[in-house]
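No experiment lies behind these values; they were computed from the predicted model shown.
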Amino acid sequence: MVQIRVQEEIFDPGEEVNAFSRSLQGAGAMVSFTGIVRDRPEGGLDALEIEHYPGMTESALTEIAAEAMERWALTDALIVHRFGRLQLGEPIMMVATAAPHRGDAFASAEFLMDYLKSRAPFWKKEFVATGEAWVEARAEDEEALERWQGES
Amino acid sequence: MVQIRVQEEIFDPGEEVNAFSRSLQGAGAMVSFTGIVRDRPEGGLDALEIEHYPGMTESALTEIAAEAMERWALTDALIVHRFGRLQLGEPIMMVATAAPHRGDAFASAEFLMDYLKSRAPFWKKEFVATGEAWVEARAEDEEALERWQGES
Amino acid sequence: MDVLYFAWVRERIGLPRERVVTDAATVADLVEELRAREDRYAIAFSDLSALRVAVDQDLADFGTSLDGVREVAFFPPMTGG
Amino acid sequence: MDVLYFAWVRERIGLPRERVVTDAATVADLVEELRAREDRYAIAFSDLSALRVAVDQDLADFGTSLDGVREVAFFPPMTGG
């Protein structure tokens, strides 16, 4: 089963992991990834604001999850992604995947993350004491997508 | 920080994820893997029993975790592994890794799992209505180790 | 059609969305029309390589036809996750 | 030295551990001695390719020297995780 949630409210990664795990049917391997608001290397982050494209966000995440379910032998997949204003240390998003075999659970979670980073319509802005700035896309994130394009 | 626990008692994967996440210092990416007792493809599993080698288990897990910390830019790693009698659906073990970048968190969690599967002294026995049988090592698990041996 | 702007595109143009009546055949034609309107549009659309576009909520490119399209969105490269 | 057995090696030999006084120079020599003792040892050690060995709690191989060693363990390939 695939679950997609886009929400402003904070969520509890541990509760998500347990709820996901209770819903599993016969999967022996479960992988989760949680993204957390962290400070900039130079410090001083006050908050993070995430803008998204309501409507397109849900359909993009649904499509990415459907592709993961098709590529790997998964039993379940979950994507939770927040928008709005987030404080340092808060969870930003998470993905979880479950499969009979660990290789499928790992690969699909990484695939979801790589696609979500660069293909789901979210934009992050950092607020520091001296001002605010949009987070720039990283070339590494774009390159991370390439490894999935050769495989089918 | 590295945490290793070998225990008979059940654990709560969600609580472990949250406790691990609270202890993180500046990591933006956290990956967890949970192994769950699942039925055999043909069904009928009553319980799983895990034997281990007290003393060696702890040192093998500590060594594997230390190698992961050295190979990747991790801030934290956790390994929890149970022994004794486990029921269907119960968590067997988990690993969690945290890093500034998601690629490091994913790769190191997979590395920990691959090493733990074939290099940590645990043995699983399945109990079914008609008898009991030691789980045989899978050739795929041995092969999974090879990909880490070229890299440094 | 509805034209939507996100992130710094929205900030530079000063609007999150607007209704545009146009005969533009492609996204690129629409961009030309918008650029000609005012400086803030010209500035927002000055470097197309820094922009991404979605047509009816699907990622598209600047050559995409606007035939029958109800919604076009412009935004910088996405930074989710 | 202490000799430990795990999983089906333990079951076949019928002991989890025993104290062995030996002059064996290597793990392979120790295996030869044990094999010669009784059928249950001969059976447990009949296929060395199905066995793994740890010397003083570190994975080792059958050629490993027993010089100064306090603990040797025999077991099937591990199945953790």
With a 4.5 angstrom heavy-atom cut-off, which part of B/Ile92 approaches chain D: side chain, backbone, both or neither?
->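 When you check distances to chain D, only side chain atoms of B/Ile92 fall under 4.5 Å.
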
Counting only heavy atoms not in B/Glu9, do more than 12 sit closer than 6.0 Å to its CD atom?
->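 Result for CD/B/Glu9: enclosed.
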
Rounded distance (nearest 0.5 Å) linking atom CZ of D/Phe6 with atom CE of B/Met56 |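 These two atoms lie 9.0 Å from each other.
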
Write out the donor-acceptor pairs between chain B and chain D under 3.5 angstrom, atom names and distance to 0.1.
residue	atom	partner	partner atom	Å
B/Glu51	OE1	D/Ala7	N	3.4
B/Glu51	OE1	D/Arg10	NE	3.3
B/Glu51	OE1	D/Arg10	NH2	2.6
B/Glu51	OE2	D/Ala7	N	3.0
B/Glu51	OE2	D/Arg10	NE	3.0
B/Tyr53	OH	D/Glu71	OE2	2.5
B/Met56	N	D/Gln57	OE1	3.1
B/His81	NE2	D/Gly81	N	3.0
B/Lys117	O	D/Gly80	N	3.1
B/Phe122	O	D/Thr79	N	2.8
B/Trp123	NE1	D/Pro76	O	2.8
B/Lys124	N	D/Thr79	OG1	3.0
B/Lys124	NZ	D/Thr79	O	3.1
B/Lys124	NZ	D/Gly80	O	3.2
B/Lys124	NZ	D/Gly81	O	2.8
B/Lys125	NZ	D/Glu11	OE2	2.4
B/Trp134	NE1	D/Glu11	OE1	2.7

Chain B contact via D/Ala7 - which portion, at a heavy-atom distance below 4.5 Å =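 Interface part for D/Ala7: both.
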
